[in-house]
Amino acid sequence: MEVKTHIISTIVEHKPGVLQRVSGLFTRRGFNIESITVGESETPGLARMTIIAKGDDKLLEQLTKQLNKLIDVIKVRDLEPTNIVQRELCLIKVHAPEERARSEIIQYANIFRGRIVDVSTETLTVEITGDTNKIDAFIELMTGFGIKELARTGPTAMSRGSKTI
């Protein structure tokens, strides 16, 4: 069986315990969650959960069936990786005590369409959004300056065009 990355989009009830029940299902099946994002959806009382996991198609099919059986889960869909809009958010605090380093970091942030969201005498904090490869490339550039702190959301995704979950 071929192991591949799956992007599972679900609509769930927006209430306590739902995330734990969904992640517990993955744990019981021995499926590692690479990333999970959750937030309110366009419908009051419902949330969109995007789960990135690796595994074979057969195991994913079993998981999808099990997810659909959970009472708090409204819809489940395995998104086609070639037909999605996918973004990730990263906040990265970089060591920048001198003007030359600050100037370079600001230039890199501009090239990557990032924003400076905090400034101190010793650091700059950059907010950057995009696909995972873009975030990884920016982090690699910032490594030379000295990364003080980093926070990533993990990807969130939806189908392109008029198709919905």
Side-chain angles (χ1 to χ4, degrees), residues 1-12 14 18-20 22-27 29-42 47-57 59-60 63 67 76-161 163-165:
M1 292 277 172
E2 181 185 353
V3 174
K4 53 187 201 181
T5 300
H6 295 276
I7 302 162
I8 304 161
S9 186
T10 64
I11 299 295
V12 299
H14 193 44
V18 175
L19 176 60
Q20 187 274 330
V22 169
S23 63
L25 180 65
F26 279 74
T27 302
R29 298 276 181 220
F31 223 87
N32 186 42
I33 296 174
E34 302 284 323
S35 160
I36 189 166
T37 59
V38 184
E40 291 181 1
S41 75
E42 67 283 358
R48 176 181 299 272
M49 190 178 293
T50 304
I51 304 162
I52 312 290
K54 290 184 179 174
D56 62 54
D57 290 337
L59 188 55
L60 176 80
L63 271 171
L67 281 170
V76 179
R77 187 146 166 236
D78 185 18
L79 299 179
E80 186 61 43
T82 58
N83 195 29
I84 61 170
V85 176
Q86 178 177 323
R87 294 291 180 268
E88 181 175 355
L89 168 69
C90 179
L91 294 173
I92 182 167
K93 188 180 294 185
V94 184
H95 185 66
E98 68 259 349
E99 186 59 38
R100 188 179 140 278
R102 286 175 183 272
S103 178
E104 283 184 50
I105 292 166
I106 291 168
Q107 286 177 343
Y108 285 134
N110 287 336
I111 289 167
F112 279 79
R113 293 191 179 126
R115 296 183 328 130
I116 306 299
V117 293
D118 187 57
V119 178
S120 76
T121 56
E122 298 287 317
T123 63
L124 288 175
T125 302
V126 181
E127 171 193 294
I128 185 165
T129 59
D131 65 29
T132 302
N133 292 334
K134 176 183 174 181
I135 304 285
D136 291 342
F138 186 74
I139 290 170
E140 188 175 319
L141 277 173
M142 295 298 105
T143 302
F145 295 100
I147 296 172
K148 298 295 233 176
E149 196 170 11
L150 182 121
R152 292 176 83 159
T153 61
T156 193
M158 63 174 54
S159 297
R160 289 189 177 277
K163 199 173 192 179
T164 65
I165 188 171

Side-chain donor-acceptor pair present, Thr10, Arg77, cut-off under 3.5 Å:
no
Give a yes-or-no answer on whether the side chains of Thr50 and Thr156 include a donor-acceptor pair shorter than 3.5 Å.
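Yes, because at least one side-chain N or O of Thr50 sits under 3.5 Å from a partner of the opposite role on Thr156.
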Just wondering, do [Y] and [X] contact through their side chains at under 4.5 Å, heavy atoms?
X: Gln86; Y: Ile7; result: yes
X: Leu19; Y: Ile36; result: yes
X: Leu150; Y: Cys90; result: yes
X: Arg115; Y: Val126; result: no

Using the salt bridge (Lys or Arg N to Asp or Glu O under 4.0 Å) criterion, which residues pair with Lys134? Sequence neighbours excluded.
none
I'd like to know whether Lys4 forms a salt bridge (charged side-chain N to carboxylate O under 4.0 Å, His left out) with Asp56, so could you lay out the CA-CA distance, the side-chain angles of the two residues, the decisive distance to 0.1 Å, and finally the verdict.
CA-CA 6 Å; Lys4 53 187 201 181; Asp56 62 54; over 6 Å; no
Treating [X] as the side-chain partner and [Y] as the backbone partner, does any N or O pair qualify as donor plus acceptor under 3.5 Å?
X: His6; Y: Leu60; value: no
X: Ser103; Y: Arg100; value: no
X: Thr37; Y: Gly154; value: no
X: Thr123; Y: Val119; value: no
X: Arg160; Y: Asn83; value: no

So how far is it from [X] [atom1] to [Y] [atom2], rounded to the nearest 0.5 Å?
X: His95; Y: Ile105; atom1: NE2; atom2: CD1; value: 9.0 Å
X: Ile8; Y: Leu67; atom1: CD1; atom2: CG; value: 6.5 Å
X: Leu124; Y: Tyr108; atom1: CG; atom2: OH; value: 14.0 Å
X: Ile139; Y: Ile128; atom1: CD1; atom2: CD1; value: 8.5 Å
X: Ile165; Y: Ile11; atom1: CD1; atom2: CD1; value: 5.0 Å
X: Phe145; Y: Glu98; atom1: CZ; atom2: CD; value: 9.5 Å

Grab the two heavy atoms, one from [X] and one from [Y], that are nearest each other, plus how far apart they are.
X: Ala53; Y: Asn32; result: CB-O, 3.6 Å
X: Ala157; Y: Ser9; result: O-OG, 4.4 Å
X: Ile147; Y: Ile92; result: CD1-CD1, 3.7 Å
X: Asp131; Y: Arg87; result: N-CD, 4.4 Å
X: Ala137; Y: Phe112; result: CB-CE2, 4.0 Å
X: Ser35; Y: Pro155; result: OG-CD, 3.4 Å

Can you tell me which residue pairs pass the salt bridge (charged side-chain N to carboxylate O under 4.0 Å, His left out) test with a partner in residues 140-154, sequence neighbours excluded?
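For residues 140-154: Glu88-Arg152, Lys93-Glu149, Asp136-Arg152.
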Heavy atoms from other residues, nucleotides or ligands near CD of Glu40 exceed 12 (cutoff 6.0 Å):
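No, the 6.0 Å shell around CD holds no more than 12 heavy atoms from other groups.
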